[in-house]
Amino acid sequence: MAVSGTVRVRIAPSPTGFAHLGTASTSLYNVLFARQNSGVFVLRIDDTDMERNRPEYEALIYESLHWLDLDWDEGPDKGGPHQPYRQSERVDLYKEHAARLLKEGNAYRCYCTPEELEAERRQAQAEKRPYKYSRRCLTNPPEGRSVFAVRFKVPGGEVTFTDMVRGEMRFDADLIGDFIIVKSDGYPTYQFASPVDDALMRITHVIRGEEHLSNTPYQLMLVDALGYERPHAYAHMPLILAADGSKLSKRKHPEANLILFRDRGYLPEALLNYLALLGWNPGTAQEIFSFDELRQAFSFERVQHAGARFDWEKLNWINGEYIRRLSDDELALRLKDFVPPLVDEETLRRAVPALKTRLPTLAQAVEYLDYLQTDPTPQAFDAETAQRIRLAIDFLKPVRWEPEAIEAALEEAIAQSGVSKGKFYNPLRDALTGRKVALPIHYAFALLPKEEALKRLERAA
RNA sequence: GGCCCGUUCGUCUAGUGGACCAGGACGCCGGCCUUUCAAGCCGGAGAUCACGGGUUCGAAUCCCGUACGGGCUACCA
């Protein structure tokens with residue numbers, strides 16, 4: 001889609017909990033579109049919910065987005081031509097705009113209490129009539145009350161706009177009741193602050209989750225009433241669903257926490273790749289995309305219209321693909337924070353080639369390496385087995401302590417013992433690692449100091 | 001309740017009226033390789049295209065209805 005003027009997009013997460021998958025996904029699509037068009041990506045903190053906001057959640061948003069390498073051009077921490085970028089610091093702006101709407105007769109004060117509104121709503125439901133605010137405070141406001149909210153006087157009519165994913169959208173605004181734009185605590189509602197900021201910050205394309213599709217006519221009417229230019233287009237992206245098909249929520253799905261993905265050993269570029277494929281497809285068989293490839297291939301026309309379930313299995317596969325494509329040095333670097341604390345860098349570096357094809361996630365490395373610092377409980381072997389272990393010790397003793405030499409020595413020992421490889425190796429692996437699954441035996445040996453390895457064998461023999 | 005968006009293998013999806021008795025990927029099953037586990041290679045099972053009506057010579061694809069799922073309808077965002 002050709003666009004004149006500088007493209008400006010934004011995300012507006014609210015710091016009411018950890019940064020989650022949906023934020024990452026929406027950010028990705030915004031960044032992709034911005035970079036495709038040499039545009040500007042804005043981060044705005046939507047902290048107008050005084051009850052639930054927490055500064056530490058804002059920090060978590062930065063941390064998560066940085067981890068994913070989704071960098072913004074303007075934001076609270078970076079500044080920019082339209083600062084401040086925290087909505088709690090823009091309250092005066094919203095008040096000015098509300099005052100203007102009030103003065104021009106496009107909004108009015110509402111003194112109704114929550115209880116009264118609830119009663120109205122229930123009444124409508126009882127009469128099986130679609131609910132719209134009664135406009136009591138427009139026509140016949142109660143006397144002697146001082147606490148008020150501000151309501152937008154919905155003009156009605158038809159609201160149409162372009163959605164880059166779904167095409168032309170059309171809503172009947174006569175069905176929309178007058179809604180609140182300023183809460184009685186003086187803070188704006190999302191429905192108000194968002195379009196005001198989008199206009200003031202010159203946002204050209206609003207790319208967000210599908211849950212906002214029905215909100216769009218509300219916001220557009222506001223933009224029109226304020227005399228601002230509307231964004232060129234919207235894009236409402238399909239929702240990420242949990243395994244049971246419900247929408248991913250912070251409360252019900254703590255596993256959607258982005259920081260958790262980092263801590264579980266997912267590579268940020270792999271997560272992004274997976275997220276891109278969840279809701280979009282290239283129309284080709286390609287599954288693995290670098291960020292640059294995504295930038296080139298992505299388009300809203302190929303975005304899915306239905307929500308997609310999050311699938312850990314496929315993420316694990318993509319993550320493994322990325323791990324296998326890393327250079328040994330790079331993988332060693334990334335593994336550093338995940339291996340047992342006693343495993344030194346040199347040992348890790350030597351383990352990497354064997355580890356590489358075995359890791360769906362970085363965190364899985366522990367399972368292959370913890371024998372290095374955890375002494376396995378000694379096994380009881382029968383006399384014949386013990387004898388073969390002694391044979392292994394004899395062959396191992398004179399050997400240079402590295403995988404190839406160890407393997408060669410072991411092969412000779414096997415030839416002399418006359419048993420199969422499996423029969424010979426299994427007890428060795430047990431004695432050495434105490435595990436049924438381990439790295440190839442010659443690596444398992446080589447990673448452990450020679451004396452320690454032989455000590456474990458001798459103890460078993 | 002009203003409005004909006006959806007519905008193709010378990011999951012993510014290709015498919016825009018004939019090349020589709022529906023293709024790919026993950027997962028699953030089997031084989032090869034192999035000391036274990038992976039990786040890799042080869043093969044396989046798996047979808048009455050939500051359902052019912054139309055339109056058409058012909059429909060997963062177009063139209064209508066129904067069902068189901070999701071979203072919005074909050075002084076949450």
Side-chain angles (χ1 to χ4, degrees), chain A residues 12-14 16 46-49 51-53 87 110 112-114 117-118 121 124-132 147-151 163 165-166 169-172 175-177 179-191 193-194 209-218 236 238-239 241 243 245-247 274 277-287 302 304-318 320 324 354-360 364 367-368 407 410 414 420-430 433 435-442 444:
Chain A
S14 60
T16 55
D46 192 344
D47 55 348
T48 54
D49 185 344
E51 310 258 298
R52 297 190 297 152
N53 289 330
Q87 291 189 322
C110 177
C112 294
T113 64
L117 294 170
E118 182 53 33
R121 228 172 276 128
Q125 201 167 31
E127 294 169 19
K128 292 197 185 301
R129 163 171 61 78
Y131 175 70
K132 266 171 82 174
V147 177
F148 65 87
V150 179
R151 266 184 204 276
D163 189 286
V165 176
R166 284 158 226 271
M169 299 301 304
R170 189 176 295 272
F171 286 85
D172 182 357
L175 267 17
I176 298 174
F179 55 94
I180 288 177
I181 56 175
V182 180
K183 300 178 256 186
S184 51
D185 65 3
Y187 277 83
T189 58
Y190 164 79
Q191 219 64 299
S194 182
E210 198 204 305
E211 72 260 38
H212 294 297
L213 188 56
S214 309
N215 288 329
T216 308
Y218 292 68
H236 289 97
L239 262 21
L241 273 21
S246 67
K247 184 191 165 192
Y274 177 65
L277 255 25
L278 203 61
W280 167 84
N281 80 80
T284 66
Q286 188 174 354
E287 302 271 346
R302 297 202 66 91
Q304 218 56 39
H305 295 193
R309 293 174 206 233
F310 190 85
D311 181 9
W312 288 93
E313 296 291 349
K314 180 126 186 194
L315 205 219
N316 285 340
W317 172 74
I318 289 185
R324 271 166 248 136
L355 240 23
K356 206 176 214 172
T357 58
R358 281 164 247 264
L359 300 179
Q364 306 265 316
E367 287 169 33
Y368 287 103
E407 187 174 24
L410 254 17
I414 289 166
S420 71
K421 265 189 180 186
K423 196 156 186 186
F424 193 87
Y425 279 150
N426 285 334
L428 291 184
R429 185 172 45 245
D430 283 352
T433 69
R435 284 177 169 272
K436 283 214 144 19
V437 174
L439 294 179
I441 196 81
H442 46 293

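Quick note on labels: first sequence line is chain A, next is B, and so on, each numbered from 1.
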Would you mind telling me which residue lines up with the more 5' stretch of RNA chain B, A/Lys421 or A/Lys128, judged by nearest nucleotide?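 This one resolves to A/Lys128.
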Where each residue is assigned the nucleotide of RNA chain B containing its nearest heavy atom, which of A/Ser246 and A/Arg52 is assigned the position nearer the 5′ end?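 It is A/Ser246 whose nearest nucleotide is closer to the 5' end.
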Look at all strands and tell whether [X] reaches a base, only sugar-phosphate, or nothing, counting heavy atoms closer than 4.0 Å.
X: A/His236; value: nothing
X: A/Thr48; value: sugar-phosphate
X: A/Cys110; value: nothing
X: A/Thr189; value: sugar-phosphate
X: A/Arg324; value: sugar-phosphate
X: A/Leu175; value: sugar-phosphate
X: A/Asn215; value: base
X: A/Gln125; value: nothing

Expected rows: protein N/O vs nucleotides 10-13 of chain B N/O, under 3.5 Å:
{"from": "B/C12", "atom 1": "OP1", "to": "A/Arg309", "atom 2": "N", "distance (Å)": "3.0"}
{"from": "B/C12", "atom 1": "O2'", "to": "A/Leu277", "atom 2": "O", "distance (Å)": "3.4"}
{"from": "B/U13", "atom 1": "OP1", "to": "A/Gly279", "atom 2": "N", "distance (Å)": "3.4"}
{"from": "B/U13", "atom 1": "O3'", "to": "A/Asn281", "atom 2": "ND2", "distance (Å)": "2.9"}
{"from": "B/U13", "atom 1": "O3'", "to": "A/Gln304", "atom 2": "OE1", "distance (Å)": "3.4"}

Passes side-chain hydrogen bond (donor to acceptor under 3.5 Å, both in side chains), A/His236 versus A/Thr216? Steps please. CA-CA 10 Å; A/His236 289 97; A/Thr216 308; 3.3 Å; yes
Looking at the side chain of [X], which of [options] is the nearest nucleotide?
X: A/Val437; options: B/U36, B/C76, B/A74; result: B/U36
X: A/Pro130; options: B/G2, B/G70, B/A77; result: B/G2
X: A/Glu210; options: B/A38, B/G70, B/C75; result: B/G70
X: A/Tyr425; options: B/U35, B/C72, B/A77; result: B/U35
X: A/Arg358; options: B/G6, B/U35, B/C37; result: B/C37
X: A/Trp317; options: B/G27, B/A14, B/G2; result: B/G27

Please list, chain by chain and in numerical order, all residues satisfying ring-ring contact (aromatic ring centres under 6.0 Å, His included) with A/Tyr218, sequence neighbours excluded.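 Once residues adjacent in sequence are excluded, the partners of A/Tyr218 under the ring-ring contact (aromatic ring centres under 6.0 Å, His included) criterion are A/Phe179.
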Identified pairing partner of [N], criterion: Watson-Crick or G-U wobble below 3.5 Å:
N: B/A67; value: B/U7
N: B/G43; value: B/C29
N: B/G18; value: B/C57

So for A/Arg166 and B/C5, does any side-chain atom that can act as donor or acceptor lie under 3.5 Å from a complementary atom in the base?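 It does not, because no donor-acceptor pair links the side chain of A/Arg166 to the base of B/C5 below 3.5 Å.
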Side-chain donor/acceptor of A/Ser14 to base of B/A77, under 3.5 Å: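 No.
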Taking the side chain as C-beta and beyond, is there a heavy-atom pair between [X] and [Y] under 4.5 Å?
X: A/Thr189; Y: A/Val182; answer: no
X: A/Leu175; Y: A/Pro130; answer: no
X: A/Glu210; Y: A/Val165; answer: no

Whole Å only: how far is the [atom1] atom of [X] from the [atom2] atom of [N]?
X: A/Tyr218; N: B/C76; atom1: OH; atom2: C1'; result: 14 Å
X: A/Glu211; N: B/C4; atom1: CD; atom2: P; result: 19 Å
X: A/Asp49; N: B/C76; atom1: CG; atom2: C1'; result: 6 Å
X: A/Tyr131; N: B/C3; atom1: OH; atom2: C1'; result: 16 Å
X: A/Tyr368; N: B/U36; atom1: OH; atom2: C1'; result: 9 Å
X: A/Lys183; N: B/A74; atom1: NZ; atom2: C1'; result: 10 Å

For A/Glu127, look at atom CD and say whether over 12 heavy atoms of other residues, nucleotides or ligands are found less than 6.0 Å away.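 Atom CD in A/Glu127 is packed in, count exceeds 12.
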Can you tell me how far CG of A/Leu241 sits from CG of A/Asp311, rounded to the nearest 0.5 angstrom?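 So the CG of A/Asp311 and the CG of A/Leu241 are separated by 12.5 Å.
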Any A/Thr16 side-chain N or O less than 4.0 Å from OP1/OP2 of B/C76: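 Looking at the OP1 and OP2 atoms of B/C76, neither is under 4.0 Å from any side-chain N or O of A/Thr16.
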Listed pairs, N/O of protein and of nucleotides 28-32 of chain B, under 3.5 Å:
none

